There are 2 protein chains.
Amino acid sequence: MSDLEQQCVEAGLKMTGQRKAILEVLKSSGDHPSVEEVYDRAKRLDSSISIATVYRTLSLLDELNLVTRHEFQEGYSRYELNWDHHHHLVDLETGEVIEFQNDELERLKIKIAKDLGYDLVDHRLELYGKRIKDKSKK
Amino acid sequence: MSDLEQQCVEAGLKMTGQRKAILEVLKSSGDHPSVEEVYDRAKRLDSSISIATVYRTLSLLDELNLVTRHEFQEGYSRYELNWDHHHHLVDLETGEVIEFQNDELERLKIKIAKDLGYDLVDHRLELYGKRIKDKSKK
DNA sequence: ATATGTGCAAAAATTTTGCAATACG
DNA sequence: CGTATTGCAAAATTTTTGCACATAT
């Protein structure tokens, strides 16, 4: 049983075929799939799965903090496994999502929260930018 | 005509009574109202307004970058006027939203984007935390 | 065994849209 | 006046839910 499945079991969830399929999809997804996308991919592993189960499972995983629910500006949610901590830079011209990590930023966030009188529990940073054109190749 | 209305007109929008009402609501809202809340508040100023107009107007204002659309984790959007730049710290126990600004953070974001090869166009940071209990008063 | 989980279809909630009527510039 | 804008109601989308049946522990 994978570590991820183990964590679900420890949280009291039964490890059903549908849940295994959804976890498998999340583990093998390099992107940030929408509910519909998780559903489509999971159907290949378990064709009997219903979208209601996908919604219910992703909600549970979110409550357990095993996934992060992103609400970009699209009118629906995208999900992503929480196995390494990073942030997103969205390329405004291509829509490409680049992940990054920055230690100084991590320190600064904690400090800002502390200065406001808070212990930081979670946070999220999104940058939106345009690729710098390389002028030296002119 | 307020500066905000002026900017709308310059962008080519006609300044109708409904739009004036919505802008007035946004200007006098210290919080981050949902579409429904903007609608309810605007109805007091112009009882004929419809929620479709509120949706359409907020979309337009978002395109013009006069408001920011926030997608917290609630299943609907909240809007806020873009008249000063800040970020949000959400108190996980009370739901209270605290606004803050931090110069070091502003510099760091630009640097991170630049290091990734991007010019920063927009960004958003949300912190989620719990109030530190004051133990000295024990 | 039995509490949990699931599929299905219906409902709820949020947002968008077509169209005839209205009003801004 | 001409055209952008509106209200209304219907439609489209996304998400949630009730319930009878199925399944993991």
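To find a chain, count down the sequence lines: A is the first, B the second, and so on, and within it residues start at 1. Values below: every heavy atom of this structure, side chains too, minus hydrogens, waters and symmetry copies. These numbers were taken from a predicted model, which means no experiment stands behind them.
For A/Lys14, whose side chain is taken as the heavy atoms from C-beta onward, the closest listed nucleotide among C/dT4, D/dT6, D/dT16 is C/dT4. Out of D/dT16, C/dG7, C/dT15, the shortest distance to the side chain of A/Ser50 is found at C/dG7.
For the pair A/Asp62 CG and D/dT16 C1', the interatomic distance rounds to 15 Å; values are reported in whole Å. Atom P of nucleotide D/dT6 and atom CG of B/Leu60 are separated by 8 Å, given to the nearest angstrom. The OH atom of A/Tyr55 sits 16 Å away from the P atom of C/dT6 (whole-angstrom rounding). Remark: C1' of C/dT17 and CZ of B/Arg56 are 8 Å apart, rounded to the nearest angstrom. Taking atom CG of B/Leu64 as the reference point, atom C1' of D/dA4 lies 14 Å away to the nearest angstrom. Rounded to whole Å, the distance from CD on A/Glu5 to P on D/dT25 is 10 Å. Regarding B/Ile51, its CD1 atom lies at a distance of 9 Å from the P atom of C/dT14, rounded to whole Å. In this entry the distance linking CZ of A/Arg78 with P of D/dT14 reads 11 Å, nearest Å.
Classification of the A/His86-A/His32 ring pair by plane angle, with boundaries at 30° and 60°, yields perpendicular.
When each of B/Leu13 and B/Glu74 is assigned the nucleotide of DNA chain C bearing its nearest heavy atom, the one mapping closer to the 5' terminus is B/Glu74. Taking the nucleotide of DNA chain C with the nearest heavy atom to each of A/Ser48 and B/Tyr76, the more 5' of the two is matched to A/Ser48. Take the nearest nucleotide of DNA chain D for B/Gly12 and for B/Ala52: the residue whose nucleotide is more 5' is B/Gly12.
At D/dT5, none of the side-chain N or O atoms of B/Thr53 fall inside 4.0 Å of OP1 or OP2 (strictly under the cut-off).
Interatomic distance, CG of B/Leu125 versus NE2 of B/His88, reported as 10.5 Å (0.5 Å rounding).
Side-chain atoms of A/Glu99 and A/His85 form no donor-acceptor pair, as typed in the model, at a separation below 3.5 Å. Side-chain atoms of A/Asp3 and A/Gln7 form a donor-acceptor pair, as typed in the model, at a separation below 3.5 Å.
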If you look only at distance, which donor and acceptor atoms sit under 3.5 Å apart when one is on a side chain in residues 44-55 of chain A and the other is two or more places apart or in another chain?
from: A/Asp46; atom 1: OD1; to: A/Ser48; atom 2: N; distance (Å): 3.0
from: A/Asp46; atom 1: OD1; to: A/Ser48; atom 2: OG; distance (Å): 2.8
from: A/Ser50; atom 1: OG; to: A/Ala52; atom 2: N; distance (Å): 3.3
from: A/Ser50; atom 1: OG; to: A/Thr53; atom 2: N; distance (Å): 3.4

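In this structure, A/Lys43 is positioned above the aromatic face of A/Tyr39, its NZ or CZ under 6.0 Å from the six-membered ring centre and within 45° of the axis.
The two residues A/Leu61 and A/Leu26 have their closest heavy-atom pair at CD1-CD1, 3.9 Å.
Across all strands, A/Ile49 comes closer than 4.0 Å only to sugar-phosphate atoms, never to a base (heavy-atom distances).
Proximity of residues 15-40 of chain B to DNA chain D (heavy atom under 4.0 angstrom from any strand atom) is restricted to B/Thr16, B/Gln18, B/Arg19.
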